[in-house]
Amino acid sequence: MKLTKEFYQQQDVVMLARELLGKVIFTFIDGQYTAGIISETEAYAGVTDKASHAFGGRRTNRTEVMFAAGGVAYVYLCYGVHHLFNVVTGPEGTPHAILVRGIFPTEGIEIMIQRRKVKLGKKFSSGPGTSSAALGLKSSMSGTDLLGNIIWIEDMGFNIPENEIYVGPRIGVDYAGDDAALPYRFLINDIFPGLPESPEQQPIKQIEIT
DNA sequence: TATAAGATTTACT
DNA sequence: GTAAATCTTATAT
């Protein structure tokens, strides 16, 4: 079941970030299918979030796609090196985005190994840059429709119980003042033991969402 | 025009 | 633990 426009265009980006855990992201790039279960996400809440690229309504060539209606990809180059994949959500004009920070590889694993140039293991796709690299995502794909046949996300029926989800502050956003402490990071540990060498995530303390 | 810092990863020491 | 890789944006000359 491919996720719909209606799903992506919901208002609550934090709720959507939690919902994306356990969903499966597919790519069909260079004639190769790859897929993985989303294991870690972070919400970036549009114009009001100091950690967001669109804070204060900032529009640049890079961030313009964040203002589109939900259901497209926002992929940008971080530190000049890593291509970070985000899901744009919310209605048109509301620049919400969800950073995908980790996946458990499920399909096209040989292709992913070629792209990553490392063996499967803890670090294989447990960060935003490595996840994007495994899936073949590049910043040139920013703006790609997530309802097309290049990048899409499906609900395969994996149900993630609330007590398996760790919630905490986002990574690397110390510059964002008060917003750095917001509990907008969601991750699941290795609860898919049947998968080949699922990367482990470091546990963090579960905190209440207030 | 120049500089600094960033939603990071990797290879070294 | 530290450094290097080197694109985008913001701020300061």
Side-chain angles (χ1 to χ4, degrees), chain A residues 8 13-21 25 36 38-68 70 72-90 94-105 112-144 146 151 153 166-188 197 199-202 204:
Chain A
Y8 292 116
V13 65
V14 178
M15 180 270 287
L16 284 172
R18 179 252 172 276
E19 285 288 309
L20 282 182
L21 293 179
I25 180 168
I38 296 174
S39 61
E40 179 173 353
T41 59
E42 283 179 359
Y44 286 84
V47 299
T48 61
D49 179 356
K50 293 195 193 71
S52 168
H53 289 164
F55 173 67
R58 185 168 49 210
R59 283 178 183 248
T60 64
N61 285 342
R62 184 177 69 159
T63 63
E64 186 60 33
V65 66
M66 295 178 76
F67 290 83
V72 298
Y74 169 47
V75 189
Y76 78 97
L77 198 55
C78 186
Y79 297 109
V81 182
H82 303 289
H83 302 261
L84 269 53
F85 171 80
N86 299 250
V87 178
V88 174
T89 69
T94 303
H96 290 162
I98 299 166
L99 173 67
V100 174
R101 292 188 56 90
I103 62 166
F104 298 138
M112 296 197 205
I113 292 171
Q114 288 173 25
R115 288 172 178 156
R116 288 279 290 116
K117 301 185 176 69
V118 299
K119 294 181 193 170
L120 285 175
K122 287 183 186 180
K123 304 273 186 169
F124 183 74
S125 57
S126 60
T130 54
S131 297
S132 296
L135 291 166
L137 296 164
K138 296 181 295 210
S139 53
S140 60
M141 298 167 185
S142 200
T144 300
L146 297 182
I151 310 167
I153 302 175
Y166 290 84
V167 182
R170 294 169 293 185
I171 300 297
V173 296
D174 292 345
Y175 61 91
D178 295 343
D179 292 341
L182 292 171
Y184 283 4
R185 179 180 182 224
F186 300 87
L187 77 84
I188 51 182
E197 303 232 14
E200 292 173 27
Q201 308 276 353
Q202 77 281 19
I204 61 172

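Below, each value reflects all heavy atoms present in this structure, side chains not excepted, and no hydrogens, waters or symmetry copies. Just so we're on the same page: letters track the sequence lines, and every chain starts at 1.
Computed from coordinates, the A:Lys123 NZ to B:dA11 P distance equals 12 Å when rounded to whole Å. Summarising the geometry, the separation between CZ on A:Arg170 and P on B:dT8 is reported as 11 Å, rounded to the nearest angstrom. Following rounding to the nearest Å, A:Lys119 (NZ) and B:dT10 (P) show an atom-to-atom distance of 15 Å. For the pair A:Arg59 CZ and C:dT8 C1', the computed distance is 18 Å after rounding to whole Å. Between A:Tyr44 atom OH and B:dG6 atom P there is a gap of 13 Å when expressed in whole angstrom units. The nearest whole Å value for the distance from the CE atom in A:Met66 to the P atom in C:dT9 is 12 Å. Between A:Arg62 atom CZ and B:dG6 atom P the separation is 13 Å, expressed in whole Å.
Less than 4.0 Å separates DNA chain C from at least one heavy atom of each of the following residues of residues 73-85 of chain A: A:Leu77, A:Tyr79, A:Gly80, A:Val81. Within a heavy-atom distance below 4.0 Å of DNA chain C, no residue of residues 133-141 of chain A is found.
Checking side-chain atoms of A:Arg170 against main-chain N and O of A:Ala43 turns up a donor-acceptor pair under 3.5 Å. Checked by atom type and distance alone, the side chain of A:Arg116 pairs as donor or acceptor with a backbone atom of A:Phe124 at under 3.5 Å. Checking side-chain atoms of A:Ser52 against main-chain N and O of A:Ala54 turns up a donor-acceptor pair under 3.5 Å.
For A:Phe55, the ring pair (Phe, Tyr, Trp, His ring centres under 6.0 Å) test picks out no residue, with sequence neighbours left out.
Using a 4.5 Å cut-off on side-chain heavy atoms (C-beta onward), A:Tyr74 and A:Arg62 make contact.
Comparing the P positions of B:dA4 and C:dA3 gives an interatomic distance of 16 Å, to the nearest angstrom.
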Distances under 3.5 Å between protein N/O atoms and the N/O atoms of nucleotides 10-12 of chain C, please, pair by pair.
residue	atom	partner	partner atom	Å
C:dA10	OP1	A:Arg58	NE	3.4

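Contact annotation for A:Arg116: backbone-only contact, meaning every heavy-atom pair under 4.0 Å involves sugar-phosphate atoms and none involves a base.
Within the structure, the side chain to side chain donor-acceptor pair (under 3.5 Å) test picks out the following pairs touching residues 129-141 of chain A (sequence neighbours left out): A:His83-A:Ser139.
Secondary structure note: stems in DNA chain B built from 3 or more consecutive Watson-Crick or G-U wobble pairs under 3.5 Å occupy B:1-6 with C:7-12, B:8-12 with C:1-5.
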